[in-house]
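We name chains A, B, ... by the order of the sequence lines, and we start the count at 1 in each one.
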Amino acid sequence: MLQSAEMPRHTVKASDFSETYRRAFRWMLLARTTEEKIASVFRSGGKITGGVFLGKGQEAISVATGIALRNGDIFAPLIRDQAGRLAFGESLLDCTLTYLGARSGPMRGRDGNVHRGRPLEGLLPMISHLGAMISVVNGMLMAHRFQGKKNTVGAASLGDGATSTGAFHESINQAAVENLPLVLVVTNNQYAYSTPNDRQFACADLVDKAIGYGIRGHSVDGTDLGACLRVIGSAVELARQGEGPQLVVATNLRLVGHGEHDDAHYIAPHLKEMPLGRDSLAVAEAELLQNAWADSETIEGWTRDSISQVEKAIAHSLREPSPDPATEDWCALSSRHLAEGLSSNGSRG
Amino acid sequence: MLQSAEMPRHTVKASDFSETYRRAFRWMLLARTTEEKIASVFRSGGKITGGVFLGKGQEAISVATGIALRNGDIFAPLIRDQAGRLAFGESLLDCTLTYLGARSGPMRGRDGNVHRGRPLEGLLPMISHLGAMISVVNGMLMAHRFQGKKNTVGAASLGDGATSTGAFHESINQAAVENLPLVLVVTNNQYAYSTPNDRQFACADLVDKAIGYGIRGHSVDGTDLGACLRVIGSAVELARQGEGPQLVVATNLRLVGHGEHDDAHYIAPHLKEMPLGRDSLAVAEAELLQNAWADSETIEGWTRDSISQVEKAIAHSLREPSPDPATEDWCALSSRHLAEGLSSNGSRG
Amino acid sequence: MITYLEAIREAQRQALENDPRVYIYGQDIGAFGGAFKATKNLAQSFPGRVLDSPISEDAMVGSAIGASLQGMRPIVEMQFADFSTVGFNQIVNQAATMFWRTGVPCPITIRLPSGGTPGSGPFHSQNLEALYAHYPGLILMTPATVEDAYSMLLEAVALDDPVIFCEHKYLYFHLKAESLPSEALPVGRARIARAGRDATVVTYSAMVHEALSAAEELSTQGWEIEVIDLRSIKPLDTDTVLASVARTGRILAVGEAWPWGGVTAEVLARVATDGFNLLDAPPMRLNSKDTPVPFHPNLWGTHRPTAQTIVSALRDLLRL
Amino acid sequence: MITYLEAIREAQRQALENDPRVYIYGQDIGAFGGAFKATKNLAQSFPGRVLDSPISEDAMVGSAIGASLQGMRPIVEMQFADFSTVGFNQIVNQAATMFWRTGVPCPITIRLPSGGTPGSGPFHSQNLEALYAHYPGLILMTPATVEDAYSMLLEAVALDDPVIFCEHKYLYFHLKAESLPSEALPVGRARIARAGRDATVVTYSAMVHEALSAAEELSTQGWEIEVIDLRSIKPLDTDTVLASVARTGRILAVGEAWPWGGVTAEVLARVATDGFNLLDAPPMRLNSKDTPVPFHPNLWGTHRPTAQTIVSALRDLLRL
Ligand SMILES: Cc1ncc(C[n+]2csc(CCOP(=O)(O)OP(=O)(O)O)c2C)c(N)n1
Ligand SMILES: Cc1ncc(C[n+]2csc(CCOP(=O)(O)OP(=O)(O)O)c2C)c(N)n1
Ligand SMILES: [Mg+2]
Ligand SMILES: [Mg+2]
């Protein structure tokens, strides 16, 4: 697969910006292709249960986060981070196996879709409660400090809506007090589910929150891959150099429903006409062509490659067995000898 | 008593600043006298159980909050608000009866000391969980709006430490989104229990948080009664006129232990030498004399009067019966018919 | 035909219409009508009284408490019951204690879309009634029928105490009734969902229907199982349960929640203490497994009790 | 002589000394040594490993979880158990589910200074063990003795799972032992605190001492009461309880927590289901009253079970 072959995980930052841009674009393309396929499998029915939450339009900011991180770093993605996950090093199979509920996926059917992760590899499996992953990243960074691991960074994704949670506040303040190398990437896509910004917060710009925590804030056009790479890249670099937590606020528009069940009819039409309503993938493609960083033939080749990777991953995942309740280990404790009712088949505590 | 006679509750703001200053000073004096007496009763043992938390040094900012509010307004005091409570209209007896655990106090021995309140009179009884009262004030103000009650204001007190709670964040943001007439008075007394500011937050000044919520922020020297009256007065006025939530940050030093059990040995000596370490009561007294707003004989009279009020209230409260478990109504529901186990004396649910 | 979900919507419409003190507050419940459409069109019909909140469960509940002290009757919708853990403190420490501390009632209703459905996973499937029932000062309603969803929600709003209203998502669309009732059992009274003779199943919410299917199946084999729908788990109608056990001599308590503690433990503890001599056999209980609620339908179907596992538990019980 | 509180401090000192992965995080626990002085001098002895946190219970727990995933062994001190309600979500949804979801253990210890003392009131007196025990994935320790406070806390830190360590404030200063143990029962095993013949009291934490006084008093009248100290309430040692009931035929479950649900319900449900035929009389339970914990000592003394109310319940039980 492209992931292991052409694009080694956590490649050291290319000195050549166009090279990074191309790599990032390919992850975006792969993410978009993956999600379109997932959506179509979902719509065809029967194969995917539970919600399907897509990152369409958010690939630029997401990939920029994933690509800026390297081995030993931490990443806590949220629901719109397919691109960032791939760039960080999550395998495509982790995605498709999880969506298709395969026993062999990292969550073994116990959790699904966007909830996958591998904590030992620095990729945190989100719980649903918004804001709850940030302090977990903080703790991992505190552990690095205790252990003398230097120059690692932890990045966490968040939406505009999640900035209203108490967890967001406590954890960003905690990171500031501990001066942790946390990069908090807030993607303001104008809506939290159906709720527009003006019912969510009242400050002029979410980046204004940085000053209240005594940390550095950065704004970026979330539809512009080049800007995302530069701004996230430098935020990550600052964090890595010991400059403490960095808040990055990207502006864009959610180009899909909250989930695939949602037609997003409530999105104000004028937003779609604004620059923030652009599709970051299309913008990046145009940029590639305009700068002659890639020609259309090359891009077509990449597209074909993405499709083939995705087809393979889906086909493989469809063949994988589902979890079997009879052989499932119904034990929530690692210390098995302390678990209750393991043999009694649920008939008592 | 002075409260009902000379100083009617919720007096309309005196046009004469010196008059307001004198009134405020007298509440401060009464608060200090009350708390000193409470502390001495506590130390003498046996009469007061539970914690004793005093507002020494914080009388200026507290009284300025209480005095700026009027009938129909809401006040959610915290542990260092004896002066503000009195100015808002809480009777001295509510205080002493509660401290002494009298059945006739507003909490009937069910809760104690600083946890007293009378919600129907706009005075909220704090729960211990820091930050939790602010959204309750928000809701009362939302109710006013539903009910067409105009020009009311709700004030909530907070400490520097409580700004780290998720509840603080969610509720200040909620007030901002709803554009509520909330005045949040944060007294930065440099410590939360033993924890100094630098382990609590990393922003240069807590007032910097206002911008992140899109609300107005005000700073004030919490040791200067005149400044407190002016700044809180105008914050309350702005809120009343529909200008939305106001964040006031007062700076001072806690001049006592966190509670009376604490000798506060950890307070950095240099802070006591700084202007923020001044005793706001002493500063106000000096100001009164210097401006010839009161002479020392008058102040002595006020002091005698305060002492006599406090002695009376304590003496009265000591004579009041304690709660009697046998006649106590062990029912947590207002809908008595839905309460469980009322007759079974605790022997089952 | 009207669904369980429509009954909830209808009750809210009624409450808004009949009582100017009522308003609804929650995420995406305004123009959008809520994640499950429980408030569809209500914002349009009652302008300014169905308000979108920020994603701030603590402040949502806190503000509802405040409004209730000022004479309002707020209904708070949690998007999922599971997210109430972030508003937990306001519910259990502020709302639940208010009346006892101050003598001032706190009439709020918190709607918790509860329980498992296939594919919902560990954080969108929880049954949290036992948590809230443990705290003094709260009323816990767990309607199992379309009729109860409607009438109990109206009663929740009318009551002067904080009510945690656990509505089951699995029933939202599946469960239908001919019409809405004009009368109902009072809150605190359980319902005999099916009369029987040989054993009693005590349960609530979605599990009532699993128990009814189980009873149906066993009746083809000559066993008559009585099924009791608790309706509210606090107060819990011990009298009705004991009267049934007096008739059948056997009891199985069934709950969809986790096995340690919870409704089944409370029911059996009450029956054992107050109805010991009524029992012809040891009481039994059936809960979910002691793990988070699994995402995959295969696992989910085994994690919670079902008609089949209830049948098999009942066979054991009848054999004892 | 060493107190219960000193034993907790000593266990933490040992843990810090023996295991470089251990650190402690909580409000005012550094130079100040904690609200109850449970960490007195530890910051001085172990620089950089006993950290003051902001007043952010959610982030405190969340960060401990993260650190544990990276190989650390955090101990989190809540200033009072009651404040854990604000860190509730991270405990029950993040820590408790981590191993089951990912296969990666989450070895954190959360210390909850629990339980009532006179004058502490509704928000500094709570017993929250039943809340946490209801959730899969957590271990609940409730030490009643100086020895257990010490050895169980060391075991909590050594275990690979999240442990909620409910230490009772009423025992902090009152309870003393000659010395600290070098051996202990394994976690999950209950202890027979007093052997008896006529009835079994099953309890835990501070109530063990009330039960022992009650047993003492009844023994002067010829009754021999067996007292079982559960030590951990999840896992709950049903076997030891049943073996005792097999000997005595009578059981009273006592808890300081609220009456709906909780440990007493779980114990009785287990005894009724698995030990029905061992019972010579209906089982009984005794809990606090179903109101918030009152501030005034007069009320507090009646709100919770005491040696006297246990004696009177036991008299009823023995008469049955
Ligand atoms: C604490 C909490 N409350 C409610 C929800 C339900 N919920 C899931 S996603 C969502 C909207 C999130 O919006 P935003 O943070 O802007 O992210 P976006 O979906 O726009 O990427 C909500 C309300 C939740 N997951 N957690
Ligand atoms: C959520 C929560 N956590 C912990 C506590 C324990 N506690 C009570 S007061 C206090 C310090 C408060 O400091 P600050 O907010 O600065 O107020 P001050 O005492 O200085 O007036 C703490 C930690 C609490 N009451 N609530
Ligand atoms: Mg958004
Ligand atoms: Mg302070």
Leu128(C)/Tyr135(D) under side-chain contact (heavy atoms from CB on, under 4.5 Å): CA gap, chis, key distance, verdict: CA-CA 10 Å; Leu128(C) 301 181; Tyr135(D) 279 90; 3.3 Å; yes
Proximal component of [X], with respect to chain C [non-hydrogen, under 4.5 Å]:
| X | answer |
| --- | --- |
| Gln126(D) | side chain |
| Trp258(D) | both |
| Ile233(D) | both |
| Val267(D) | neither |

How close do Asn93(C) and Asp82(D) get, counting heavy atoms only, and between which atoms?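 Shortest heavy-atom contact: ND2-O, 4.2 Å.
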Restricting to non-hydrogen atoms, name the atom on Pro292(D) and the atom on Thr97(C) that form the minimum distance, rounded to 0.1 Å.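 What the structure gives for the nearest pair is CG-CG2, 3.8 Å.
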Would Phe88(C) and Asn89(D) count as a side-chain contact (heavy atoms from CB on, under 4.5 Å) here? Give the steps. CA-CA 9 Å; Phe88(C) 192 65; Asn89(D) 183 55; over 6 Å; no
Under 4.5 Å between any side-chain heavy atoms of Lys234(C) and Asp290(D), yes or no?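 Heavy-atom side-chain distance check passes, below 4.5 Å.
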Which value, rounded to the nearest 0.5 Å, describes the distance between [X] atom [atom1] and [Y] atom [atom2]?
| X | Y | atom1 | atom2 | answer |
| --- | --- | --- | --- | --- |
| Leu320(C) | Asn277(D) | CG | CG | 9.0 Å |
| Ile251(C) | Thr273(D) | CD1 | OG1 | 12.0 Å |
| Thr85(C) | Asp58(D) | OG1 | CG | 9.5 Å |
| Phe123(D) | Gln94(C) | CZ | CD | 7.0 Å |

Can you tell me which of [options] forms the most heavy-atom pairs within a distance under 4.5 Å of chain D?
| options | answer |
| --- | --- |
| Pro283(C), Ala269(C), Ala272(C), Gly261(C) | Pro283(C) |
| Ala257(C), Pro122(C), Gly87(C), Gly262(C) | Gly262(C) |
| Ala96(C), Ala130(C), Ala253(C), Gly275(C) | Ala130(C) |

With a 6.0 Å cut-off on ring centres, are His134(C) and Trp260(D) close enough?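 That pair fails the under 6.0 Å test.
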Is chain D contacted by the side chain of Val271(C), its backbone, both, or neither, given a heavy-atom distance below 4.5 Å?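 Looking at Val271(C), nothing touches chain D.
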